[in-house]
Amino acid sequence: MRTYKIGYLIGSLAKGSINRKLAQALIKLAPSTLEFKEISFKDLPLYSYDYDDDFPQVARDFKEAIKSSDGILFVTPEYNRSIPGGLKNAIDWASRPYGTNAFSRKPTAVIGASPGAIGTAVAQQNLRSVLSFCNAPQMNAPEAYIQFKPGMINDDDDVTVESTRDFLRTYMQEYHDFVARVLTVLPNDV
Ligand code: FNR
C-alpha cells in the first residue's frame, strides 16, 4: 500500500500548546501509511511582496517543505475568532510569488482545539476560505472541533476519552482516504 508524506502546521507558537498536544495524539492514531513531518514557520519574517524578487532561504525551505508533502494537515488554535497571525503569515509566504503557490492542488485538512465550547469552529471557517483561495482541496467532512479538557490527552499523547479517541482515529483514516483520492486525480507530478 502506498505511503503518503503529510506535513503538518501547528498554528500555535506557544511552548505548552494544546494544539501541539492534539497533533501528537493524531499522529499516534493515524494509519501507518501516513508519515508525518512538522513544517515550522516560527522563523519566517513578516511577509511583504518586497521579498518576491529574492525570497530568503528560510522561506524557500518552508515552501519546499510544503511542495514536497503529499498533503498538509493544519492543527490550529483560534485567536480572536480567526487563525493566529503567524499561521496566516506563513500561508502568505507559501502562496507567493504569484504563480508559485505551494498549496495549489495540495490535499488539506483542518482541525483544532480550544478550551472553549466551539472548539476553534470560527478559526477553521476562516482558514477554509483562505485555503479555497489558495486552490487547496480540503477534506469537507468529518469536521473536528475539539474542546480541550485537562487530562483529555495524557503524557504519552494518548487520548483518554474513548469516544474522542475513536472519532479522531476515524478523522485520520478519512484524511488518508481523502489524500489518496485527490492524488489519484491530481498526481503530484502534473
Ligand atoms: C485565545 N483563545 C481563544 N479561544 C477561543 O476558543 N476563541 C478565541 O477567539 C480565542 N482567542 C484567543 C486570542 C488569543 C490572543 C489567545 C492567546 C488565546 C484561547 C485559546 O483557545 C487558548 O489559549 C488555547 O490554549 C490556544 O491554543 P494553543 O496555543 O495552546 O495551542
Side-chain angles (χ1 to χ4, degrees), residues 1-44 61-62 65-66 68-79 82-88 90-91 94 103 106-128 131 136 138-180 182:
M1 196 181 268
R2 183 174 165 186
T3 297
Y4 298 101
K5 289 179 287 173
I6 305 301
Y8 65 97
L9 276 73
I10 297 176
S12 175
L13 299 176
K15 291 189 190 75
S17 167
I18 59 174
N19 283 279
R20 175 173 300 281
K21 195 86 186 139
L22 174 61
Q24 286 158 350
L26 289 170
I27 290 168
K28 284 190 88 168
L29 290 169
S32 59
T33 44
L34 295 183
E35 283 174 5
F36 292 88
K37 189 175 173 193
E38 181 175 352
I39 303 178
S40 171
F41 57 77
K42 70 178 173 46
D43 296 325
L44 289 170
D61 292 346
F62 178 71
I66 290 171
S68 62
S69 299
D70 293 315
I72 301 292
L73 175 67
F74 292 87
V75 188
T76 185
E78 179 174 282
Y79 282 2
S82 187
I83 57 172
L87 178 59
K88 178 60 164 57
I91 294 171
F103 287 111
K106 202 62 78 179
T108 59
V110 175
I111 188 170
S114 162
I118 61 170
T120 75
V122 183
Q124 290 190 39
Q125 293 310 312
N126 277 247
L127 180 53
R128 283 176 177 280
L131 293 174
Q138 300 163 51
M139 181 169 78
N140 291 323
E143 300 170 299
Y145 308 121
I146 308 302
Q147 184 175 22
F148 195 92
K149 298 198 170 136
M152 197 182 94
I153 300 174
N154 66 21
D155 290 345
D156 295 326
D157 300 325
D158 291 316
V159 179
T160 57
V161 183
E162 189 179 1
S163 58
T164 306
R165 188 167 60 242
D166 290 348
F167 171 73
L168 293 175
R169 187 182 290 113
T170 301
Y171 179 92
M172 294 308 285
Q173 181 64 51
E174 288 285 338
Y175 181 49
H176 168 276
D177 297 352
F178 176 72
V179 171
V182 171

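Being a predicted model, the structure only gives us computed values, none of them experimental. We number each residue from 1, following the sequence as shown.
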Could you walk me through whether Leu26 and Tyr175 pass the side-chain contact (heavy atoms from CB on, under 4.5 Å) check?
CA-CA 11 Å; Leu26 289 170; Tyr175 181 49; over 6 Å; no
Between Val159 and Leu168, does a side-chain contact (heavy atoms from CB on, under 4.5 Å) hold up when you go through it step by step?
CA-CA 9 Å; Val159 179; Leu168 293 175; 4.0 Å; yes
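The minimum heavy-atom distance between Leu34 and Met172, with the atom names listed, is CD1-O, 4.1 Å. Minimum heavy-atom separation, Gly11 to Thr76: CA-OG1, 3.6 Å. Contact record, Pro31 with His176: CG-CB, 3.9 Å, taken as the closest heavy-atom pair. In terms of heavy-atom proximity, Met152 sits nearest to Thr164 at CE-CG2, 4.4 Å.
Looking only at atom types and distance, the side chain of Tyr145 has no donor-acceptor partner in the side chain of Gln147 under 3.5 Å away. Of the N and O atoms on the side chains of Ser82 and Asn126, at least one donor lies less than 3.5 Å from an acceptor on the other residue.
A donor-acceptor pair under 3.5 Å is absent between the side-chain atoms of Thr160 and the main chain of Asn154, judged by distance alone. Side chain of Thr120 to main chain of Ala123: no donor-acceptor pair is present (N/O by atom type, distance under 3.5 Å, no hydrogens or angles). Of the possible donor and acceptor atoms, none in the side chain of Lys149 sits under 3.5 Å from a partner among the backbone N and O of Pro115. Remark: side-chain polar atoms of Glu78 are not paired, donor with acceptor, to backbone N or O of Ile83 under 3.5 angstrom. Between the side chain of Lys28 and the backbone N or O of Asp156 there is at least one donor-acceptor pair closer than 3.5 Å.
Atom CD in Gln24 sits 9.0 Å away from atom OG in Ser17 (nearest 0.5 Å).
Phe62 and Phe41 have perpendicular rings, their planes meeting at more than 60° on a 0 to 90° scale where under 30° would count as parallel.
In this structure, Asp70 pairs ionically with Arg2, as a charged nitrogen and a carboxylate oxygen lie closer than 4.0 Å.
Test Ile91, Asn19, Ile10 against Phe74 for side-chain contact (heavy atoms from CB on, under 4.5 Å) and you get one pass: Ile91.
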